[in-house]
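Below, each value reflects all heavy atoms present in this structure, side chains not excepted, and no hydrogens, waters or symmetry copies.
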Amino acid sequence: MKALFKPGPQAGFELVDRPEPRTGEFDVKIRVATTGICGTDLHIQAWDAWAQSTVSAPLIPGHEFYGEVVEIGDGVRDVKVGDKVSGEGHIVCGTCRNCRAGRRQMCIRTLSVGVQRDGAFAEYVVIPETNVWVHQDPAITPELGAIFDPLGNATHTALKFPLLGEDVLITGAGPIGLMAIAVARHAGARKIAITDVSAPRLELARKLGVDLAIDVSQMRIREAQAELGMREGFDIGLEMSGHPTALPEMIENMNHGGRIAMLGLPAAPIDIDWAKVVTHMLTLQGIYGREMFETWYAMSAMLMSNPVLHAGISSIVTDVLPATQWEAGFNEAKSGVGGKVVLDWSVF
């Protein structure tokens with residue numbers, strides 16, 4: 001099969017022929033149709049410090065995908081050949097305290113598809129049946145199915161705290177931040193503001209119906225509050241950027257008792273006014289991945305019931321390229337100016 005491959009601990013990928021993965025007793029083999037390019041994949045391609053400390057090479061990367069089941073193991077019970085599926089990329093042990101308590105997203109032995117085991121930048125990928133999400137809605141296109149993983153991140157973050165009637169600040173208008181606009185609107189947020197410095201991404205945010213898209217190179221968040229007619233601070237913060245100035249400025253503009261869900265991974269330590277966190281009684285909640293599988297049920301139900309949300313999330317895919325043009329796709333994803341980039345594997 002054709003696959004993007006990292007042969008060893010160095011920068012770059014190669015599009016090469018690799019053996020098809022074998023299907024174990026409780027596994028499912030999927031013919032990959034589409035894959036999303038994630039920031040994690042960019043780190044792996046660059047072979048930066050994070051990748052060197054986390055990734056097991058040689059490796060086929062890729063964890064955001066949509067495809068069709070072509071083979072199942074003898075122990076597979078519910079997934080069928082021909083099912084259209086995406087996959088939960090975190091493979092858990094099933095026996096640690098959190099797994100046994102039903103908190104699988106908190107497993108202490110999590111392995112990630114495309115990071116510690118071969119992933120979906122290939123014609124075929126094999127994952128356990130327990131990680132397969134079968135799409136019941138025929139309106140899920142291959143492009144939309146390819147971004148269920150990051151949509152799950154956005155959904156998990158946005159729905160961590162109740163949003164009905166609340167004023168929401170999102171920092172970072174990358175694809176996940178953009179998705180969070182649509183989810184927050186669906187969940188009943190009152191005012192939604194988002195920050196970035198990329199004019200194209202802020203324009204995408206406006207098209208998704210954000211109340212104010214803030215270019216933080218030109219305007220501070222406190223000025224934006226006045227423009228929105230807000231008398232007090234934001235009720236809910238969704239930190240999606242990992243930028244070192246984003247969280248401190250968010251904290252400065254939260255209402256007393258405000259709640260912050262943090263998905264963005266900072267590349268360096270961040271100085272925080274902890275006295276303000278204490279005296280303003282703020283809540284800071286880290287978010288990693290998706291709740292297994294409550295988040296998957298929630299996002300599928302939202303997409304099925306809300307055509308506006310479906311159209312909005314679909315519009316975040318701004319580039320679809322054949323997998324043979326993977327380098328152009330990675331360069332577009334690295335540029336940080338557009339939405340989600342998807343590779344089409346049906347070309348092989």
Once the angle between the rings of Phe293 and Trp296 is folded into 0 to 90°, is it parallel (under 30°), tilted (30 to 60°) or perpendicular (over 60°)?
tilted
Rounded to the nearest 0.5 Å, what's the gap from CG on Leu228 to CD1 on Ile214? Could you check?
7.0 Å
Report the C-alpha separation of Tyr66 and Phe148 in whole Å, then their side-chain angles, then the decisive distance to 0.1 Å, and conclude whether the side-chain contact (heavy atoms from CB on, under 4.5 Å) test is met.
CA-CA 9 Å; Tyr66 170 93; Phe148 256 58; over 6 Å; no
Can you check whether Tyr297 and Trp133 have ring centres sitting under 6.0 Å from each other?
yes
Quick one about Asn153 and Arg290 (side-chain donor to acceptor, distance below 3.5 Å, no hydrogens or angles considered), yes or no?
yes
Salt bridge or not between Asp235 and Lys191? Use side-chain N to carboxylate O under 4.0 Å.
no
Say whether Glu239 and Thr171, considering side chains only, have a donor N or O and an acceptor N or O under 3.5 Å apart.
yes
Determine, using ring centers only, whether Phe330 and Phe13 are less than 6.0 Å apart.
yes
So, Lys340 and Glu143, do they make that salt bridge, N to O below 4.0 Å?
no
Among Ile221, Ile260, Asn255, whose side-chain contact (heavy atoms from CB on, under 4.5 Å) with Phe234 holds?
Ile221
Exactly one candidate in Arg185, Arg190, Arg206 meets side-chain hydrogen bond (donor to acceptor under 3.5 Å, both in side chains) with Asp211; the answer is Arg185
Glu123 pairs by salt bridge (Lys or Arg N to Asp or Glu O under 4.0 Å) with which of Arg18, Lys2, Arg31?
Arg31
Co-membership, hydrophobic cluster, residues Val81 and Val126, 4.5 Å side-chain
no
side-chain contact (heavy atoms from CB on, under 4.5 Å) for Thr283 and Phe161? Distances and angles first, verdict last.
CA-CA 10 Å; Thr283 299; Phe161 303 115; 4.1 Å; yes
Hydrophobic cluster membership, Met254 vs Ile287, 4.5 Å side-chain cutoff
no
Using ring-ring contact (aromatic ring centres under 6.0 Å, His included) as the criterion, list what pairs up with His243, not counting sequence neighbours.
none
Side-chain donor-acceptor pair present, Asp196, Ser198, cut-off under 3.5 Å
no
